[in-house]
S.K.: 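Have a look at this one before I ask anything.
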There are 2 protein chains.
Amino acid sequence: MRREFKSKSKSKVLLIDDNYDHLAAVNELISSESMFNVVGTSTNANIGMNLIKKYHPDVVLLDMNMPEKNGLEVIQEIEKMNLGVRVLVLSGYDDSDLIFRAMKLGAKGYVLKTMASAQLIYALEEVSDGKVYLPASLTSRFFEYFQQQVIEEKTETTQEENYLSFLTAREEEVLDLLCQGVTYKGVASQLFISDTTVKTHVNNIFQKLQVNDRTQAVLYAINNGFMKKRTKQLVRV
Amino acid sequence: MRREFKSKSKSKVLLIDDNYDHLAAVNELISSESMFNVVGTSTNANIGMNLIKKYHPDVVLLDMNMPEKNGLEVIQEIEKMNLGVRVLVLSGYDDSDLIFRAMKLGAKGYVLKTMASAQLIYALEEVSDGKVYLPASLTSRFFEYFQQQVIEEKTETTQEENYLSFLTAREEEVLDLLCQGVTYKGVASQLFISDTTVKTHVNNIFQKLQVNDRTQAVLYAINNGFMKKRTKQLVRV
DNA sequence: CGAAAAATACATCTAAAGGTTTACATCTTT
DNA sequence: AAAGATGTAAACCTTTAGATGTATTTTTCG
């Protein structure tokens, strides 16, 4: 959106962590680094959100585990504000699901509280520099989840036990048009055949898909991976 | 699937790279490491596939850029074999799309040819050890693409300019049933109203969605985020 | 080649869908 | 109180969809 001209100026950092002791420690650590300027701290997620609105920090160091609010929700809200605020998650857990969801929501990094302070500083540098930073071990975790998701998706649609495989090429063409909401006559004119022929094909399709009408046939087609070409996939290969 | 009992035994590595000189150099590098055993090399993707079937290597070091076959397809085929063969991509390009797709297809790592040989060895160790390894710079690249995908998906479905918002609560109920392939009479009996009333509602729905028949209405509903509860999402938050 | 599958076509009939208009009772908002 | 949105219902009519049976011509494949 907006380009910052602060190649040398300090990055504004905001800290949100419900554990006050930890917050203070991190504050001290970061403040000792000359390149960062801690513009605010909060032990409460909601107050933290207000501080973000007020100070427009470059980076928010966000604890995931807070009583008032779910950390993921906080990320979501910050991203929704669209202020270019970059979220670096600081969490006690290396749960792959949590990492995945945080990154999916737009977090620019994820470090564990157990990690060395040097690593936190490095992550903060990278994130404030516009990069995404995940420690190698968490990257590994992330991909556990990511690739598993892809596999699950694949097995869902690759279940070739569906009746679609029984359709002939012509019947697939007809079904394709049905899936576009075309009438019998429309199909007939597009395939250059008579509408009675279309009815024959459609009836055969119903038989094979074990449905009673066009709407059910279309639903069956959509739910069983027909039309994959037309339906944009969320994550495509 | 199957647990290997080779904590100390050498990992079987297979090399596929169309550039013979590079292949030879990598072969020499890896062979010099005591923990790896190069069981085969090939400058041709198809022959490489046969070697995989024959030797069942633990790790395949795979070049992405080959004349005969697209590297991504090779990954896909290897994964389809389901032999537990782990693919480490060795590529000349740090294109975020390429990285993303390779990882999505199940690659367990991705290193650049320009990287230090020590990094290649390290990646190989990690991957043969069952982990996923992506160098920090490529992780960053990966997330560029990943998070962009998520954003695009979100803006697709969040476009609330669709006509669905014009529907009344009752009309939504009717549309919901239409989306299940229910007939007018079926809708009537389920909502305890007469079928003529259903027709009225359906006609109003058609008007509002600017379609001509139930199939088109259902398609509109599905394509515009109606029924989000029933349609499983690929990657959910 | 010859059998089987697929694609084509038509007739007939019934059921369902869809268009249009009118009407009335509620309920909310101005 | 008037206006507007909503839900309900019906009559009338036209079109489309769907079921069933029969039959001819291509294609495909053993």
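The chains referred to below are lettered A, B, ... by the order of the sequence lines, with proteins before strands, and numbering in each begins at 1.
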S.K.: Excluding sequence neighbours, so at least two apart, what forms side chain to side chain contact (heavy atoms under 4.5 Å, CB included) with A:Asn19?
M.R.: A:Asp17, A:Asp21, A:His22
S.K.: Where along nucleotides 25-30 of chain D does protein come under 4.0 Å, by heavy atom, of base (B) or sugar-phosphate alone (S), with - for untouched nucleotides?
M.R.: ------
S.K.: Quick check on the helix from C:dC1-D:dG30 to C:dT30-D:dA1: what's the angle between its two end axes, five base pairs per end, to the nearest 10°?
M.R.: 60°
S.K.: Could you check whether the rings of A:Tyr163 and A:Tyr220 sit parallel, tilted or perpendicular, using 30° and 60° as the cut-offs?
M.R.: parallel
S.K.: Using a strict 4.0 Å threshold on nitrogen-to-oxygen distance, state whether B:Lys113 and B:Asp63 make a salt bridge.
M.R.: yes
S.K.: When rounded to the nearest 0.5 angstrom, what distance separates CZ in A:Phe146 from CD1 in A:Ile99?
M.R.: 14.5 Å
S.K.: Considering only NZ, NE, NH1 and NH2 on the basic side and carboxylate oxygens on the acidic side, decide whether A:Asp97 and A:Arg101 come within less than 4.0 Å.
M.R.: yes
S.K.: Check whether any side-chain heavy atom of B:Leu61 sits under 4.5 Å from a side-chain heavy atom of B:Ile30, and report yes or no.
M.R.: yes
S.K.: Hey, are B:Arg141 and B:Asp94 close enough for a salt bridge, meaning a charged N less than 4.0 Å from a carboxylate O?
M.R.: yes
S.K.: With nearest nucleotide decided by heavy atoms, which residue, B:Thr168 or B:Asp213, maps closer to the 5′ end of DNA chain D?
M.R.: B:Thr168
S.K.: Could you measure the distance from the CD atom of A:Gln207 to the CD atom of A:Glu171? Nearest 0.5 Å is fine.
M.R.: 10.5 Å
S.K.: CG of B:Leu167 versus P of D:dA5: gap in Å, rounded?
M.R.: 15 Å
S.K.: Counting only heavy atoms and a strict 4.0 angstrom limit, can you tell me which residues of residues 185-198 of chain A come near DNA chain C?
M.R.: A:Ile193, A:Ser194, A:Thr196, A:Thr197
S.K.: Do the side chain of B:Glu173 and the main chain of B:Thr168 share a donor and acceptor less than 3.5 angstrom apart?
M.R.: no
S.K.: Need two values: the first and the last nucleotide of DNA chain C, 5' to 3', having an atom under 4.0 Å from any heavy-atom of chain B.
M.R.: C:dA16 to C:dT20
S.K.: Measure from NZ or CZ of B:Arg214 to the centre of the six-membered ring of B:Tyr184, then state whether that distance is under 6.0 Å and the direction lies within 45° of the axis.
M.R.: yes
S.K.: Within this structure, what is the CD-CG distance for the pair A:Gln216 and A:Asn223, rounded to the nearest 0.5 Å?
M.R.: 11.5 Å
S.K.: Once you round to the nearest 0.5 Å, how far does OG of A:Ser91 lie from OH of A:Tyr110?
M.R.: 3.0 Å
S.K.: Rounded at 0.5 Å granularity, tell me how far CG in A:Asp18 sits from CG in A:Leu23.
M.R.: 9.0 Å
S.K.: Would you confirm whether the ring centroid of B:Phe142 sits within less than 6.0 angstrom of the ring centroid of A:Phe143?
M.R.: yes
S.K.: Residues of residues 199-208 of chain A with any non-hydrogen atom less than 4.0 angstrom from an atom of DNA chain D: list those, numerically ordered, please.
M.R.: A:Lys199, A:Asn203, A:Phe206
S.K.: So, the side chain of B:Lys12 versus the backbone of B:Lys10: is there a donor-acceptor pair under 3.5 Å, distance only?
M.R.: no
